[in-house]
Q: 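Have a look at the structure that comes next, please.
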Amino acid sequence: MKILLTTLNSKFIHSSLSLRYLRNYTKDKFSDIHIEEYTVNNGLDYILREIYMKNYDVVCFGCYIWNVDQTLEIAKDLKKVNKNVKILLGGPEVSYNPSDVLKEHDYVDYIIFGEGEVTTEKLFDFLVNKKGNIKEIEGLAFRDGNDTYKNNERPLIKNLDDIPFPYGDLAELENRIIYYESSRGCPFNCQYCLSSTLQGVRYFSIERIKKDLKKFVDADVKQVKFVDRTFNADKHHCLEIMKYIEEIDNGRINFHFEITASLIDDEILDYLKNTRRGLFQFEVGVQSTYEKTLKEIRRNMDFEKIKYVIKKLASYNNIHLHLDLIAGLPYEDYKTFLASFDDVYSLKPNKIQLGFLKLLKGSGVRVNSDKYGYIYKDRSPYEVMSNDYITYGEILRLKLIEEMVDEYYNSHHFDFSVEFIIANNFERPSRFFESLYEFWESLGYHHVSHKKEELYRVLLKFYRHNNFDREDEFREVLKFDYLRNKRGNLPDIFDTIILEDFKNRCHKFLQEEENLERYLPKFTGIPAKRIINKTHFETFKYDILQLIIDPTQKSLQEETTILFNYEVENKDFGRSRYMKIEI
């Protein structure tokens, strides 16, 4: 019997951990099992053709909020053209109400709900070897003629080490994110999250985890993303893993963790201070700083502790920090959400993700949606449209603010320009992004895409539209931001200071070993004609480095030459290095 495990990932760079768990858990018993991954951007006819042409007997689809609608359509059409194929669904989008899914979709034969490894093995044994009684397979819902059945739930696997390492040849996943877990479950009970439906946390053994991680490093994997709901729920578990990662680090790999910042103590902070830049990435779900909202969603959070931890981590400048907010939570209106945004912005993380509440099946906020007056989309991902505290119009405003945050904050192309505008003209960062989106929308910019160079022009237009003071200084800061991120000719919105014989002086500067040793030590011994293509010299009207340090202090005109070095090891921490020089 030929079996396919498949899913539609949201992007090509993603890979499915669950499919690989199922394959490796069952492959010793069933040899004809295949994995094929597609994306939501593939045409449905293309996916249908690919599956149909390979003539599988059983097709198993992983169903998630980003793919369930397309998955059901493919499964329905597949059944039309191959009545003998058995359709099996699994994943969070069908686990909460499997009986309803079976009744609504008569082309679906089986649904696995809950933890899938053992149930999948039992079902395959029944289908392939005719072993067992289908009505006794825990964790399975199924169709028998016109009738549907839901068996008892399957107990969770007690010893996670019984689950084989999910990956085979890691070279197959080159240039894709590798997902991994060191635990299952979550100690918290946040009402917007499906993890709230499960109790407790189970861990793989440290010995098993170390063995797995060594395989990733040996295979020269670029990034491993832990899917643990709270990686640092157990301090000793997370600290031992991070120390082992540092021990086997090859200088190229990166590990991403979802953490709870308030659980990080000074011992962990002291350890992280000296880790290799770029080795770790931390994603922190702040979600809101409004106390009434946090209490209602049962999210215990000490924001003062979070501020302390994030500021400490940011000062080390070696860990990429990603902070999340969720708009549309109970009791949080437009004003209080912007206050939450300002709180998070003040921490200056590398990325602020401004997300919107999804009312997931089985989550507390969905179960109690009438209490808060929720209106949300019926189709996945069930995104909030309004509730008793925030209108649909305000949600739309926040979506445009999100776009401005992505373009002008998360991109890091405008770090100093945006800071200059806010420091001199706005009391709150949120009001700047709100004002920018109003300008953006008034000119119809939301209707079209924009190249990076055009975004600099838009920001200057915004500055002039508001008649802000110190435009000349701002344009120099904007020029500095442009050159931090891109080598080459300057757009015509910037002034260029032409110094006498400047080009030759720059070339001579790069020929002197003393200058290379002081400013560009990695280029020592390399001919100037090769270095010039990886650097840029630019003269500014002001002491630009002082101006970006304190944008509120008016600067005297003082011509300053900056050397930009674009040969950097980790662009997550800046696309160039820059220094003031005499030339």
Q: Report the relative orientation of the aromatic rings in Phe257 and Phe231; use parallel for angles under 30°, tilted for 30 to 60°, perpendicular for over 60°.
A: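 Ring orientation, 0 to 90° scale: parallel.
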Q: What do you reckon, is CD of Glu153 surrounded by more than 12 foreign heavy atoms closer than 6.0 Å?
A: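 At most 12 heavy atoms, drawn from other residues, nucleotides or ligands, come within 6.0 Å of this atom.
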Q: Salt bridge between Arg202 and Glu115, side-chain N to carboxylate O under 4.0 Å?
A: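 Counted as a salt bridge, because a side-chain N and a carboxylate O are separated by less than 4.0 Å.
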Q: Please say whether more than 12 non-hydrogen atoms of neighbouring residues, nucleotides or ligands are located less than 6.0 Å from CG in Asp406.
A: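 Check passes, neighbour count above 12.
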Q: Show, in sequence, the C-alpha distance, side-chain angles and deciding distance for Gln281 and His322, and conclude whether the side-chain hydrogen bond (donor to acceptor under 3.5 Å, both in side chains) test is met.
A: CA-CA 8 Å; Gln281 292 182 3; His322 176 151; over 6 Å; no
Q: Quick test of your reading of the model: are Glu121 and Lys27 salt-bridged, counting only N-O distances below 4.0 Å?
A: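 No, no charged N to carboxylate O under 4.0 Å.
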Q: May I have all residue pairs that pass ring-ring contact (aromatic ring centres under 6.0 Å, His included) and include part of residues 9-32, sequence neighbours excluded?
A: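 For residues 9-32: Phe30-Phe124.
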Q: So how far is it from Thr230 OG1 to Leu263 CG, rounded to the nearest 0.5 Å?
A: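 Taking OG1 in Thr230 and CG in Leu263, the distance rounds to 7.5 Å.
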Q: Does Asp57 use its side chain to pair, donor to acceptor, with the backbone of Lys2 at less than 3.5 Å?
A: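 Such a contact is found between Asp57 side chain and Lys2 backbone.
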Q: Charged N to carboxylate O under 4.0 angstrom, Glu73 versus Arg379?
A: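 No, Glu73 and Arg379 are not salt-bridged.
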Q: May I ask you to test the Met1-Asp32 pair for a side-chain heavy-atom distance under 4.5 Å?
A: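 Result no, sub-4.5 Å side-chain heavy-atom pair not found.
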Q: Looking at Asp147 and Arg143, does any basic side-chain N land under 4.0 Å from a carboxylate oxygen?
A: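 Between Arg143 and Asp147 there is no salt bridge, as every charged N stays at least 4.0 Å from the carboxylate O atoms.
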Q: Counting only heavy atoms not in Arg49, do more than 12 fall under 6.0 Å of its CZ?
A: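 Check fails, neighbour count at 12 or below.
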Q: Looking at Lys225, Lys11, His256, Lys222, which one forms a side chain to side chain contact (heavy atoms under 4.5 Å, CB included) with Ile177?
A: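 Of the listed residues Lys225, Lys11, His256, Lys222, the side chain to side chain contact (heavy atoms under 4.5 Å, CB included) partner of Ile177 is Lys225.
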Q: To the nearest 0.5 Å, what is the distance between CD1 (Ile206) and NE2 (His237)?
A: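 Rounded to the nearest 0.5 Å, the CD1-NE2 separation comes out at 5.0 Å.
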Q: Are Tyr372 and Tyr389 close enough that their ring centres sit under 6.0 Å apart?
A: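 Ring centroids of Tyr372 and Tyr389 are no less than 6.0 Å from each other.
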Q: Would you call Arg176 and Glu37 a salt bridge, using N to O less than 4.0 angstrom?
A: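 So Arg176 pairs with Glu37 through a salt bridge.
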Q: Under 3.5 Å, is there a donor-acceptor pair between the side chain of Asn318 and the main chain of Arg276?
A: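 Here the side-chain-to-backbone pair does not exist.
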Q: Short question: side chain of Thr119, backbone of Gly116 - any donor-acceptor pair under 3.5 Å?
A: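 No, Thr119 side chain to Gly116 backbone: no donor-acceptor pair under 3.5 Å.
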Q: Checking Ile248 now: which residues fulfil side-chain contact (heavy atoms from CB on, under 4.5 Å) with it, not counting sequence neighbours?
A: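 Once residues adjacent in sequence are excluded, the partners of Ile248 under the side-chain contact (heavy atoms from CB on, under 4.5 Å) criterion are Leu213, Lys214, Val217, Tyr244.
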Q: Does Asn133 use its side chain to pair, donor to acceptor, with the backbone of Lys135 at less than 3.5 Å?
A: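 Here the side-chain-to-backbone pair exists.
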Q: Look up atom CD1 in Ile157 and atom CD1 in Ile163, then write down how far apart they are to the nearest 0.5 Å.
A: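 Nearest 0.5 Å value for the CD1-CD1 distance: 4.0 Å.
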Q: Strictly distance-based, threshold 3.5 Å: is any side-chain N or O of Asp228 a donor or acceptor partner for the main-chain N or O of Ser182?
A: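 Pair found, side chain donor or acceptor close to backbone of Ser182.
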Q: Does Lys150 NZ have over 12 foreign heavy atoms under 6.0 Å away?
A: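 It does: Lys150 NZ has more than 12 such atoms within range.
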Q: So, Lys79 and Asp109, do they make that salt bridge, N to O below 4.0 Å?
A: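 The answer is yes: the pair qualifies as a salt bridge.
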Q: Test Tyr382 against Tyr376 for ring pair (Phe, Tyr, Trp, His ring centres under 6.0 Å), laying out the working first.
A: CA-CA 6 Å; Tyr382 320 112; Tyr376 58 96; 7.1 Å; no
Q: Would the number of heavy atoms belonging to other residues, nucleotides or ligands and lying under 6.0 Å from NZ of Lys273 be above 12?
A: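 Open: at most 12 neighbouring heavy atoms sit under 6.0 Å from NZ of Lys273.
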Q: To check you understand the geometry: which heavy-atom pair defines the closest contact between Ser95 and Ile112, and what is its length?
A: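 For Ser95 and Ile112, the tightest heavy-atom pair comes out as OG-O, 3.7 Å.
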Q: Using 4.0 Å as the upper bound for N to carboxylate O, is an ion pair formed by Lys122 and Glu138?
A: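 Answer for the salt bridge query: no.
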